[in-house]
**Student:** 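I'd like to ask you about the structure that follows.
Computed over heavy atoms, backbone and side chain alike; hydrogens, waters and symmetry mates excluded. No experiment lies behind these values; they were computed from the predicted model shown.
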Amino acid sequence: MSMSLLSGFLLFPAILIMSNFGITLPNQAPPDPTADAARFEAVSKHLDPGGPLYAYVSVDGDLTAIGALVGSTLDEFRKVDPKVPFPPVDVSRILEISGMDEVSAVGFSSKRIENGFRNKTYIHAPGERQGLLRIMGDKSKPFDVVRMAPEGTDVAIQQDLNLKVVQEVVQEVFGMVMREKGKAMVQGMLKRPVGPFPFTMEKVLADSDTRITMILDADPTKKVKMPKAKGLEIPQLQAVITIDGLGWVADQVAETLEKELEKNKGRRAPPFTVVRNKDWVGMQVDMEAEAWGRKEKQILNVFGGQTPILAHHRSSKKLILATDKEFAEKLFTRKVGLGNDPAFQKTMKGLPMEGTTLSYVSPAFFQMLRDATESVTSQQKAGGAETLMVKTMLDLMMPADAPGEGSVTTSSQDGILVVSNSAHSHKSRLVNPMFMGAFQAIFFGIKPSHKASELDAVESFPPEVLEEVPSETPAEE
């Protein structure tokens with residue numbers, strides 16, 4: 001047994017003793033049983049009782065108290081030593097600007113469903129959204145991705161995003177620390193042109209109360225070789241990212257590129273071509289250009305050597321970044337959409353189809369990841385504790401029959417709710433770091449007393465350990 005494992009056992013009593021100590025925040029508001037009960041009721045109505053995990057945590061006033069404590073401590077440091085380089089920051093005011101002081105409670109629950117668990121996380125922040133709580137959107141809307149993405153899509157993510165909030169918060173904080181000079185500094189950085197293009201970051205952020213969509217599809221009928229992974233082949237990937245309202249960025253990129261191409265006539269041209277028609281404006285990778293070396297082509301080969309495109313889809317005003325123009329065009333044509341995909345419907349069963357965030361990963365995608373991991377592992381030296389650990393963890397975390405994962409975030413006047421269908425409960429995610437630590441200690445903390453090969457080390461385990469590796473997610477209860 002290694003010294004690290006032995007030390008862990010010896011320190012266990014000390015850890016138990018230390019676990020009885022906590023932190024008492026000063027200047028906390030006096031208890032209000034009526035308000036506490038109302039807050040608990042407001043959170044609990046969003047959660048599911050009767051599962052392997054149900055938790056409620058009141059944080060009402062905690063962040064404000066922490067901010068006051070940090071602020072007073074910094075003030076004392078300055079009195080003791082005026083040369084201490086702590087800026088004159090009002091921590092409580094920063095919390096107000098960020099909006100995080102409005103969070104008064106959080107709740108978690110997990111309940112068993114047909115294919116795993118229904119997990120919920122609720123953040124109670126009643127009233128109008130402020131600061132950083134507005135970044136991920138504050139109004140639930142129908143999800144476009146279920147219509148845009150084709151049937152069979154493996155990964156679909158849609159996220160409301162308001163980056164203007166970040167600008168507002170950063171500007172306020174800089175103004176607090178450096179007064180008007182700080183605000184002017186932020187404004188100066190935002191007003192600079194972005195690279196060789198005429199637009200500024202200020203203009204981009206002004207249009208960044210937006211929605212971002214990511215769609216990824218793996219084609220099992222087409223295989224591509226992974227660079228620097230001998231013998232590993234994966235399905236060809238097609239992917240697209242869309243950003244609402246920022247299509248004009250591609251217009252200006254195309255204009256800049258056209259000027260550059262005109263200036264470089266007869267000389268080595270940029271490795272891009274301009275796309276301009278009634279539907280699209282932008283630039284596309286030119287795979288034949290001399291500028292692309294072996295390394296770049298190996299990376300593009302993961303996507304089957306397709307020609308990525310950055311473009312403005314004119315009718316939708318979306319900014320599109322796609323592995324290929326043909327795949328991007330599918331988003332805007334009539335087809336059987338993701339919403340009609342049986343795998344999607346099964347994975348997302350019971351989840352709302354309106355919100356600020358949707359995330360979906362298909363069962364087929366998890367199987368692809370599992371197959372790729374097994375392929376890499378099988379090419380390593382047979383046996384060994386490391387190989388056994390990889391196989392065991394793969395069976396525990398991504399079993400062969402792993403269902404898809406689906407998650408939706410909704411926003412209401414009182415708070416933010418995240419609901420997901422998953423193979424794993426909140427409980428398993430809480431204990432996972434401890435389990436992983438113990439697992440590694442067992443596998444790598446035990447060393448043979450004699451010189452032995454990795455294969456000998458594996459063979460020293462009982463046969464049932466090697467032959468009966470769990471094939472299902474462990475029981476959650």
Side-chain angles (χ1 to χ4, degrees), residues 144-145 148-150 153-157 193-199 203-204 207-208 210-219 221-227 234-335:
D144 297 331
V145 70
M148 291 171 55
T153 291
D154 287 300
V155 178
I157 298 171
V194 178
F197 309 111
F199 57 85
K203 169 62 175 168
V204 173
D207 289 345
S208 290
T210 184
R211 175 171 269 193
I212 296 178
T213 302
M214 188 187 86
I215 298 167
L216 186 147
D217 190 29
D219 187 348
T221 65
K222 300 177 182 178
K223 299 287 187 178
V224 293
K225 293 182 179 180
M226 290 291 289
I234 65 170
Q236 177 179 299
L237 302 177
Q238 292 180 308
V240 63
I241 297 173
T242 75
I243 307 177
D244 291 6
L246 283 178
W248 60 265
V249 170
D251 291 346
Q252 298 197 16
V253 168
E255 290 176 13
T256 303
L257 180 58
E258 284 175 325
K259 293 176 182 177
E260 188 70 18
L261 290 171
E262 182 65 28
K263 188 169 64 175
N264 284 280
K265 263 189 176 179
R267 291 183 288 173
R268 187 174 181 178
F272 304 98
T273 58
V274 174
V275 175
R276 188 180 292 277
N277 55 47
K278 65 182 181 66
D279 296 318
W280 300 89
V281 178
M283 68 176 192
Q284 190 166 16
V285 168
D286 180 5
M287 289 294 294
E288 303 303 320
E290 295 179 7
W292 296 115
R294 181 182 176 188
K295 184 182 294 185
E296 290 81 7
K297 289 184 177 180
Q298 283 180 333
I299 294 172
L300 290 173
N301 186 57
V302 175
F303 301 100
Q306 299 170 85
T307 51
I309 183 172
L310 176 73
H312 175 194
H313 182 250
R314 286 176 159 174
S315 60
S316 68
K317 297 183 179 179
K318 296 178 185 290
L319 179 65
I320 309 286
L321 175 62
T323 53
D324 190 73
K325 182 168 172 284
E326 183 180 347
F327 184 63
E329 287 173 337
K330 287 183 180 179
L331 305 184
F332 307 101
T333 58
R334 295 188 63 179
K335 59 186 175 297

**Student:** Step through the shown structure and confirm whether more than 12 heavy atoms of other residues, nucleotides or ligands are within 6.0 Å of CD on E260.
**Tutor:** yes
**Student:** I'd like to check the salt bridge (Lys or Arg N to Asp or Glu O under 4.0 Å) partners of D207; sequence neighbours left out, ordered by chain and number.
**Tutor:** K203
**Student:** Go through the structure and list residues passing side-chain hydrogen bond (donor to acceptor under 3.5 Å, both in side chains) with T213, not counting sequence neighbours.
**Tutor:** Q158
**Student:** Kindly compute the distance separating OG1 (T242) from CE (M214), expressed to the nearest 0.5 Å.
**Tutor:** 11.0 Å
**Student:** Could you go through the side-chain contact (heavy atoms from CB on, under 4.5 Å) check for T323 and V240 one step at a time?
**Tutor:** CA-CA 6 Å; T323 53; V240 63; over 6 Å; no
**Student:** Any chance you could measure D244, atom CG, to D144, atom CG, to the nearest 0.5 Å?
**Tutor:** 7.0 Å
**Student:** Rounded to the nearest 0.5 Å, what separates atom CG in L331 from atom OG in S316?
**Tutor:** 9.0 Å
**Student:** Restricting to side-chain hydrogen bond (donor to acceptor under 3.5 Å, both in side chains), what partner residues turn up for T333, sequence neighbours left out?
**Tutor:** none
**Student:** Measure across L246 and S208 and return the closest heavy-atom pair with its distance rounded to 0.1 Å.
**Tutor:** CD1-OG, 4.3 Å
**Student:** Would you please name every residue forming a side-chain hydrogen bond (donor to acceptor under 3.5 Å, both in side chains) with T210, sequence neighbours left out?
**Tutor:** none
**Student:** Apply side-chain hydrogen bond (donor to acceptor under 3.5 Å, both in side chains) to T273 and Q284, showing your working.
**Tutor:** CA-CA 5 Å; T273 58; Q284 190 166 16; 4.9 Å; no
**Student:** Kindly indicate whether the side chain of K318, heavy atoms from C-beta on, has any atom under 4.5 Å from the side chain of M148.
**Tutor:** yes
**Student:** Taking salt bridge (Lys or Arg N to Asp or Glu O under 4.0 Å) as the test, write out the residues that go with K325, two or more places apart.
**Tutor:** E329
**Student:** Could you list the residues that satisfy salt bridge (Lys or Arg N to Asp or Glu O under 4.0 Å) with D324, not counting sequence neighbours?
**Tutor:** none
**Student:** Please answer whether the main-chain N or O of A254 pairs with a side-chain N or O of K259 as donor and acceptor at a distance below 3.5 Å.
**Tutor:** no
**Student:** Counting heavy atoms not belonging to K223, are there more than 12 under 6.0 Å from its NZ?
**Tutor:** yes
**Student:** Under the rule for ring pair (Phe, Tyr, Trp, His ring centres under 6.0 Å), what residues qualify as partners of F197, not counting sequence neighbours?
**Tutor:** F199
**Student:** Taking the side chain as every heavy atom from C-beta outward, state whether I212 and I241 have any pair of such atoms under 4.5 Å apart.
**Tutor:** yes
**Student:** Within the structure provided, determine whether W248 and V253 are in side-chain contact (heavy-atom separation under 4.5 Å).
**Tutor:** no
**Student:** Would you name the heavy atoms of I234 and L237 that are closest together and state the gap between them?
**Tutor:** CD1-CD1, 4.3 Å
**Student:** My understanding is that only residues two or more places apart in sequence, or in another chain, count here; which of them pass salt bridge (Lys or Arg N to Asp or Glu O under 4.0 Å) with R276?
**Tutor:** E258
**Student:** Find the distance between CZ (R314) and CG (N277) and round it off to the nearest 0.5 Å.
**Tutor:** 7.0 Å
**Student:** For the NE2 atom of H313 and the CG atom of D279, what is their distance to the nearest 0.5 Å?
**Tutor:** 5.5 Å
**Student:** Can you see which heavy atom on A250 is nearest to which on V281, and at what distance?
**Tutor:** CB-O, 3.6 Å
**Student:** With sequence neighbours excluded, tell me which residues meet side chain to side chain contact (heavy atoms under 4.5 Å, CB included) with A156.
**Tutor:** V145, T153, L338, Y360
**Student:** Looking at every heavy atom in both Q252 and P198, which two are closest together, and how far apart are they?
**Tutor:** OE1-CG, 3.1 Å
**Student:** Is a side-chain donor or acceptor of K335 paired with a backbone partner of K330 at a separation under 3.5 angstrom?
**Tutor:** yes
**Student:** Taking only residues two or more places apart in sequence or in another chain, which ones pass side chain to side chain contact (heavy atoms under 4.5 Å, CB included) with K317?
**Tutor:** H312
**Student:** Under the side chain to side chain contact (heavy atoms under 4.5 Å, CB included) test, which residues partner L257, sequence neighbours left out?
**Tutor:** L261, P270, F272, V274, M283
**Student:** Holding to side chain to side chain contact (heavy atoms under 4.5 Å, CB included), I want the full list of residues that pass it with A311, two or more places apart in sequence or in another chain.
**Tutor:** W280, I309
